[in-house]
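The basis for the numbers below is simple: all heavy atoms, side chains too, and nothing from hydrogens, waters or symmetry mates. Both counts, for ligands and for their atoms, begin at 1 and track the order of listing.
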Amino acid sequence: MQPMFDRIALIGIGLIGSSIARDIRKLGLAREIVISTRSQHTLTRAEELGLGDRYTTSAAQAVENADLVIVSVPVGASESVAVQMAPALKPGAIVTDVGSTKASVIAQMAPHMPDDVHFIPGHPLAGTEKSGPDAGFSGLFKGRWCIFTPLPETPAEPLARLRAFWEALGSKVDEMDPQHHDKVLAIVSHLPHIIAYNIVGTADDLETVTESEVIKYSASGFRDFTRLAASDPTMWRDVCLHNKDAILEMLARFSEDLASLQRAIRWGEGDKLFELFTRTRAIRRSIVEAGQDVDVPDFGRHALEEKK
Ligand code: NAP
């Protein structure tokens with residue numbers, strides 16, 4: 001493939017940044033990849049993995065003369081990264097991010113972006129519970145959605161270039177306004193993680209069930225929650241703090257529905273339970289039909305089988 005960009009700067013080289021780096025390299029999407037991360041430790045690891053062509057702990061140095069800058073840091077760090085790199089951005093550069101919340105990232109970054117730079121907020125809906133440069137892999141974004149929440153003044157040409165980039169990584173691209181993105185993600189991603197953190201925490205706090213029993217008998221449902229609850233604490237702390245309103249709104253609805261479920265169990269309302277469980281089963285079927293999951297009980301079990 002012809003390189004789409006001369007120089008791509010990756011600011012943040014964890015799970016997401018390093019997966020992007022691997023795809024850029026594999027697909028030949030840039031003539032040069034410059035990598036920047038906060039710590040020398042992670043930078044050295046990125047270099048050992050051969051993820052880029054040049055390495056620096058300075059975000060400002062990394063973005064010099066870059067045509068595309070991709071920020072992949074926890075959402076709470078967006079503003080400080082924007083402040084560091086803003087004076088060094090090349091006129092006409094495209095700056096994008098991968099943060100899981102959008103209104104907050106825009107509020108943190110947009111005010112610092114020079115007028116002659118195209119800032120296009122983005123969010124690839126792809127990931128795992130792992131973090132760091134070793135966790136990334138080529139192909140992570142294949143078949144997954146990437147959502148842009150462009151600012152109204154963004155011209156069509158840089159938007160089309162960034163779209164072509166994500167499509168080259170195998171993603172399907174959609175656009176929506178940032179507030180809507182944050183509501184949708186609150187229900188499809190943020191709430192499930194919060195519920196998982198909560199249920200695993202509850203099990204951990206139980207006094208009548210020992211920790212060894214929780215681990216030994218975890219096959220029965222609990223295990224599936226522990227995968228989500230093993231997600232990166234920094235990332236999820238930031239998501240909770242930076243999508244507060246939408247998450248609180250969804251949590252309020254969730255609590256109401258849970259109370260109704262609790263009532264149905266208490267009063268033995270089997271029909272009500274059966275109706276809900278039938279409705280939710282159909283949603284699972286639709287997700288499989290939409291190609292967003294496969295109809296096999298997995299959650300790591302296949303990999304476990306392969307390991308044996
Ligand atoms: P990660 O593996 O933990 O990597 C985080 C990267 O950000 C590292 O390079 C780290 O640098 C850097 N960083 C951490 N704190 C920083 C700070 N305060 N200032 C500057 N740099 C900092 O994280 P990730 O999973 O790739 O997530 C990155 C972004 O992608 C997040 O905004 C997340 O919301 C979003 N996202 C994640 C997923 C997912 O499933 N993980 C999916 C979609 C989007 P050092 O190691 O050098 O400290």
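- Among V73, V98, V75, the residue whose heavy atom lies closest to atom 31 (C) of ligand 1 is V73.
- Ligand 1 lies out of reach of S19, whose nearest heavy atom is not under 4.0 Å from it.
- Ligand 1 places these atoms under 4.0 Å from at least one heavy atom of S72: 6 (C), 7 (O), 28 (C).
- Within ligand 1, counting atoms from 1 as listed, the ones closer than 4.0 Å to a heavy atom of T37 are 8 (C), 9 (O), 10 (C), 11 (O), 45 (P), 47 (O).
- Cluster membership for M250 and I147, using ILVMFWY side-chain heavy atoms within less than 4.5 angstrom, is shared.
- For atom 37 (C) of ligand 1, the nearest non-hydrogen atom from the set Q84, K130, M235 comes from M235.
- At a 4.0 Å cut-off, not a single heavy atom of Q40 sits close enough to ligand 1 to count as contact.
- If you check each of I16, L43, D238 against atom 24 (P) of ligand 1, the one with the closest non-hydrogen atom is I16.
- Within a 6.0 Å radius of CZ in R253, other residues, nucleotides and ligands contribute 12 heavy atoms or fewer.
- Taking a 6.0 Å sphere around NZ of K172, one finds it holds more than 12 heavy atoms contributed by other residues, nucleotides or ligands.
- Interface atoms of ligand 1 facing H123, defined by a heavy-atom separation under 4.0 Å, are 43 (C), 44 (C).
- Within ligand 1, counting atoms from 1 as listed, the ones closer than 4.0 Å to a heavy atom of G12 are 9 (O).
- Heavy-atom proximity to G99, at under 4.0 Å, picks out these atoms of ligand 1: 32 (O).
- Below 30°, between 30° and 60°, or above 60°: for F165 and F5 the angle between ring planes is above 60°, a perpendicular geometry.
- Under the 4.5 Å side-chain contact rule for hydrophobic residues, L89 and V34 do not share a cluster.
- Within ligand 1, the atoms closer than 4.0 Å to a non-hydrogen atom of P124 are 43 (C), numbered from 1 in the order shown.
- None of T226, V214, D205 except one satisfies the side-chain contact (heavy atoms from CB on, under 4.5 Å) rule with V200; the exception is T226.
- Numbered from 1 in the order shown, with element, the atoms of ligand 1 that lie under 4.0 Å from a heavy atom of T128 read 40 (O), 41 (N).
- Here is the list of ligand 1 atoms found below 4.0 Å of a heavy atom in S100: 33 (C), 34 (O), 35 (C), 36 (N), 44 (C).
- Residue-to-ligand polar distances place T42 within reach of ligand 1: an N/O pair is separated by less than 3.5 Å.
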